[in-house]
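Read through the structure below, which is laid out as structure tokens, and then see the notes.
All values below were derived from every heavy atom in this structure, side-chain atoms included, with hydrogens, water molecules and symmetry-related copies excluded. Residues take their numbers from the sequence shown, with the count starting at 1.
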Amino acid sequence: MKWLGDQYELMIQGAGWPDGLTISPVRRTLGEGRVVEFHMHDGKVRYAVGIGVSREINIIRRLIEKQVNGESAELRAHQMAISERLQRD
């Protein structure tokens, strides 16, 4: 599932579904006014929400669909592109 909104001229987008789980978020700042927050369960991204990160949300949606295993530290790391995580699996 993917959703988006344009609230107060911010592009807010999300992918996935929490399924009623209480999941600790992993936040990654990608630049001024751009942030994405991953919510992981059992080593997999279950859903994500972000501001100004449409390209990244599309990649994250594929991570969710393929149920790629990942570490929160990897997703938080600024030096690693999110797309690299998808390409390794």
Side-chain angles (χ1 to χ4, degrees):
M1 176 182 170
K2 181 179 174 186
W3 55 269
L4 57 97
D6 193 8
Q7 186 81 12
Y8 304 107
E9 297 184 23
L10 297 173
M11 182 54 76
I12 302 168
Q13 293 184 310
W17 197 254
D19 297 329
L21 298 170
T22 303
I23 305 171
S24 299
V26 175
R27 182 171 290 202
R28 181 173 178 179
T29 302
L30 300 170
E32 189 174 323
R34 300 179 64 229
V35 64
V36 65
E37 191 172 278
F38 303 90
H39 297 258
M40 300 180 67
H41 184 69
D42 292 334
K44 296 178 175 74
V45 177
R46 296 298 294 269
Y47 68 104
V49 62
I51 298 173
V53 290
S54 60
R55 180 179 171 274
E56 289 82 1
I57 289 292
N58 284 328
I59 294 167
I60 293 164
R61 179 184 46 80
R62 293 194 314 250
L63 286 173
I64 293 168
E65 287 173 355
K66 292 184 175 191
Q67 301 222 344
V68 174
N69 285 319
E71 295 294 325
S72 60
E74 285 182 338
L75 296 173
R76 190 181 293 121
H78 294 280
Q79 68 272 16
M80 182 179 152
I82 297 168
S83 59
E84 289 178 34
R85 181 67 217 130
L86 183 63
Q87 292 169 357
R88 289 195 307 190
D89 284 341

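For the pair Y47 and G16, the tightest heavy-atom approach, listed with the atom from each and the gap, is CB-C, 3.6 Å. Contact between P25 and H39 at its shortest, heavy atoms only, is CB-CE1, 3.5 Å. Shortest non-hydrogen contact noted between V36 and A48 is CG2-CB, 4.5 Å. Residues R27 and V35 approach most closely at CG-CG2, 3.6 Å, considering heavy atoms.
Under 4.0 Å is where a charged nitrogen must lie from a carboxylate oxygen, and between E56 and R34 at least one such pair does.
Within a 6.0 Å radius of CD in E65, other residues, nucleotides and ligands contribute more than 12 heavy atoms.
For the atom pair CD1 (I51) and OG1 (T29), the distance works out to 10.0 Å, reported to the nearest 0.5 Å. The CG atom of N58 sits 11.5 Å away from atom CG of L63, with the distance rounded to the nearest 0.5 Å. Atoms CZ and CD1, on R55 and I60 in that order, are 10.5 Å from each other to the nearest 0.5 Å. Rounding to the nearest 0.5 Å gives a distance of 12.0 Å between CZ of R62 and CD1 of I57.
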**Asked** Between I12 and V49, is a side chain to side chain contact (heavy atoms under 4.5 Å, CB included) present by the stated rule, with each step listed?
**Response** CA-CA 7 Å; I12 302 168; V49 62; 4.3 Å; yes
